[in-house]
Amino acid sequence: MTHELERQLEVLEKKGIDRRHFFRILAASGLMASLSTNKAHAFSSNAKGKIVIIGGGAAGISMAARLKGWLNDPDITLIDPSDRQFYQPGFTLIASGVYKPDEVWKKQEDCMPSGIKWVKDSVTAVDPVWNQVTTAQNGKIPYDFLVLTPGLQCNWEKVEGITQKTLGQGNAHSIYDFEGAQKTWQAIQAFAQKGGKGIYTDTYTKHKCGGAPKKICLLTEHYARKQGTREKLDFHYYTASKELYDVPYFTPRLIEIYKERNVPYKVNVRVKGVDTQAKRVYMEKVVTKGEEKITTPFVEDYEFLHFVPPMSAPDFVREAGLGWTEGKLAADAWVMVDKETLVHKKYPNIISLGDVAGIPTSKTSAAIRKQVPIAAKNLIALMEGKEPTEKYNGYAACPIVTDYGHVLLCEFDYEKNPDVSFPFTLIDTSKEQWLAWLLKVYILKPLYFYGMLNGIA
């Protein structure tokens with residue numbers, strides 16, 4: 001941790017930022033304490049039971065670390081096939097040239113908590129009646145309690161004409177992929193020089209980091225200004241939502257920014273397919289009038305395209321009947337959990353959190369960071385035969401990068417009310433801030449790898 005912070009401080013000093021001022025920021029935000037703490041023992045428990053965790057991303061590893069610290073005799077198995085642990089919020093910063101690709105990942109084995117059993121395999125099925133998980137190579141694994149944190153799956157095939165492997169062809173890009181983010185940065189640099197029409201879209205499903213497509217749009221626009229070529233570029237943003245952003249405290253300034261940058265946006269628009277040879281994107285505008293949905297297809301030519309694939313829970317979640325069966329979260333099989341306790345509504349020995357959880361908040365690492373201690377304490381309560389009492393208020397944070405140097409730090413709860421963290425309570429977070437840029441670029445990544453994944457932040 002010390003080495004990583006020292007390196008980040010050297011980067012800051014090269015940019016003219018005094019390290020003493022930076023440490024004052026850290027101290028004010030309470031991050032110094034969390035980064036230097038070895039363990040966070042809120043309590044300890046003698047509860048017994050075989051815990052199986054599906055998924056070794058932010059939620060899964062953080063849960064394993066918390067449970068290991070809070071249980072006196074833990075029996076934890078974590079199932080995940082990955083070789084690398086990615087800091088996925090960094091993909092946007094790779095795609096804008098701020099991070100190098102090798103700065104956003106570590107070996108999975110170096111992130112895995114000691115003292116737990118890691119089964120390096122993929123889950124193919126879950127049987128919540130017989131309490132067992134089926135894996136591709138290691139057969140069936142029984143559990144007493146299940147932590148369901150497999151993340152989500154990107155359904156690339158639902159955008160006709162493009163696949164994950166063909167990202168970049170026809171200058172159609174997506175930062176929701178490690179290789180794709182690298183290709184996006186190369187393409188943005190060429191686009192800024194050549195000029196033309198840039199089309200930026202999101203998707204109609206709930207998706208990881210809902211602000212990411214907005215970030216890459218605004219960063220491309222600012223990059224072109226820095227290169228002195230802005231007048232050669234024509235930007236257009238399309239969202240499948242009914243408004244540009246749905247958190248009222250932050251939305252007015254975001255709308256202003258799009259207007260100031262001359263980036264028009266249209267709402268209720270879905271991407272259906274891409275013709276990468278002709279560089280055309282096929283979209284449809286969906287408007288509901290009464291009980292009727294009116295769909296109007298249209299086509300846009302582009303020079304540069306950034307799109308977001310539809311997303312859902314992994315297939316085995318749907319097949320196991322663990323997803324919602326009604327309501328807005330049912331179509332994509334997000335896990336049917338109580339939004340406060342994160343306990344499954346049908347199977348009380350299952351806890352789910354992170355991107356796969358069917359809860360009405362944004363899918364961000366900041367949300368996971370708040371969910372983990374609540375989920376861990378509630379799981380231990382269940383193991384002790386008690387009622388889970390810890391409650392999650394829906395906190396999520398979406399740092400919308402508005403340019404190279406400023407971030408609109410959107411923090412909110414289930415009710416879409418601002419839920420601003422100290423020291424940002426001392427400034428006007430309804431507007432973009434330089435301090436939030438420091439947080440985004442220099443603090444959150446080491447906090448993720450050395451704090452959150454170790455169960456201490």
Side-chain angles (χ1 to χ4, degrees), residues 5 8-9 11-36 87 89-90 92-93 96 98-99 209-212 214-219 221-223 225-226 243-261 263 361-362 364-370 393-448 451-452 457:
L5 267 181
Q8 296 285 15
L9 288 168
V11 173
L12 278 170
E13 287 183 325
K14 288 178 181 178
K15 294 178 180 293
I17 300 170
D18 180 76
R19 71 166 59 194
R20 284 182 297 179
H21 179 59
F22 180 69
F23 275 118
R24 284 197 292 271
I25 293 170
L26 282 176
S29 63
L31 290 175
M32 285 301 294
S34 67
L35 289 175
S36 61
Y87 176 63
T92 307
L93 297 177
S96 52
V98 178
Y99 285 171
C209 190
K214 300 177 182 68
K215 300 174 195 179
I216 201 61
C217 176
L218 294 174
L219 281 165
E221 192 277 339
H222 188 211
Y223 180 79
R225 279 190 281 131
K226 290 171 65 178
E243 54 191 328
L244 182 62
Y245 200 53
D246 64 350
V247 186
Y249 183 73
F250 305 101
T251 302
R253 179 55 191 151
L254 191 60
I255 291 173
E256 283 181 356
I257 290 170
Y258 270 73
K259 289 181 179 178
E260 291 168 2
R261 308 278 184 85
V263 181
T361 195
S362 296
T364 68
S365 61
I368 293 170
R369 182 168 169 258
K370 293 288 188 177
N393 74 342
Y395 172 89
C398 184
I400 299 179
V401 183
T402 57
D403 60 39
Y404 289 86
H406 293 89
V407 168
L408 184 65
L409 182 59
C410 305
E411 297 180 277
F412 48 91
D413 61 19
Y414 276 136
E415 306 304 319
K416 303 297 184 183
N417 294 320
D419 189 0
V420 180
S421 304
F422 185 82
F424 296 97
T425 52
L426 304 177
I427 58 179
D428 183 4
T429 57
S430 68
K431 295 180 173 60
E432 62 273 33
Q433 298 288 346
W434 171 76
L435 179 59
W437 168 262
L438 293 183
L439 177 76
K440 171 69 176 174
V441 176
Y442 300 105
I443 299 177
L444 291 182
K445 181 159 63 76
L447 180 64
Y448 176 82
M452 184 174 168

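Below, all heavy atoms of this structure are taken into account, side chains as well, without hydrogens, waters or symmetry copies.
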Backbone N/O of Val98 and side chain of Tyr404: donor-acceptor pair under 3.5 Å: no
Lys226, Arg225, Arg261 screened by salt bridge (charged side-chain N to carboxylate O under 4.0 Å, His left out) with Asp403, the one that passes: Arg261
Non-neighbouring partners of His222 that pass side-chain hydrogen bond (donor to acceptor under 3.5 Å, both in side chains), sequence neighbours left out: none
Trace of the side-chain contact (heavy atoms from CB on, under 4.5 Å) decision for Ile255 with Glu243: CA-CA 10 Å; Ile255 291 173; Glu243 54 191 328; over 6 Å; no
Reported OG1-to-CG distance for the pair Thr92 and Leu219, which is rounded to 0.5 angstrom: 8.0 Å
side-chain hydrogen bond (donor to acceptor under 3.5 Å, both in side chains) partners of Glu256, counting only residues at least two apart: Arg253
Those residues that, when tested against Tyr395, pass side-chain hydrogen bond (donor to acceptor under 3.5 Å, both in side chains) (two or more places apart): Glu411
By salt bridge (charged side-chain N to carboxylate O under 4.0 Å, His left out) - contacts of Lys370 (at least two apart): none
Contacts of type ring pair (Phe, Tyr, Trp, His ring centres under 6.0 Å), residue Tyr448, not counting sequence neighbours: Tyr87
Any residue meeting ring pair (Phe, Tyr, Trp, His ring centres under 6.0 Å) with Tyr249, in chain and number order, not counting sequence neighbours: none
With Asp413 via salt bridge (charged side-chain N to carboxylate O under 4.0 Å, His left out) - residues at least two apart: none
Under the salt bridge (charged side-chain N to carboxylate O under 4.0 Å, His left out) test, residues paired with Asp419 that sit two or more places apart: none
Atom pair CD (Gln433) and CG (Leu438), whose distance is rounded to the nearest 0.5 Å: 11.0 Å
Reported OG1-to-OH distance for the pair Thr361 and Tyr414, which is rounded to 0.5 angstrom: 6.0 Å
Atom pair CG/CG of Leu408 and Leu218 - distance to nearest 0.5 Å: 10.0 Å
Pairing residues for Ser362 by the side-chain contact (heavy atoms from CB on, under 4.5 Å) criterion, not counting sequence neighbours: Thr364, Ala396, Phe412
Any side-chain heavy-atom pair of Cys217 and Val263 under 4.5 Å: yes
Residues which pass side-chain hydrogen bond (donor to acceptor under 3.5 Å, both in side chains) with Asn417, listed by chain and number, not counting sequence neighbours: none
Under 3.5 Å: donor-acceptor pair, side chain of Lys215, backbone of Leu93: no
Nearest heavy-atom neighbours spanning Lys440 and Pro89: NZ-O, 3.6 Å
Distance in Å, Leu439 CG paired with Leu409 CG, rounded so as to fall on 0.5 Å steps: 6.5 Å
Straight-line distance of Ser365 OG to Leu447 CG, nearest 0.5 Å: 9.0 Å
Partner set under ring pair (Phe, Tyr, Trp, His ring centres under 6.0 Å) for Tyr245, not counting sequence neighbours: none
Sequence-distant partners of Lys431, salt bridge (charged side-chain N to carboxylate O under 4.0 Å, His left out), two or more places apart: Asp428
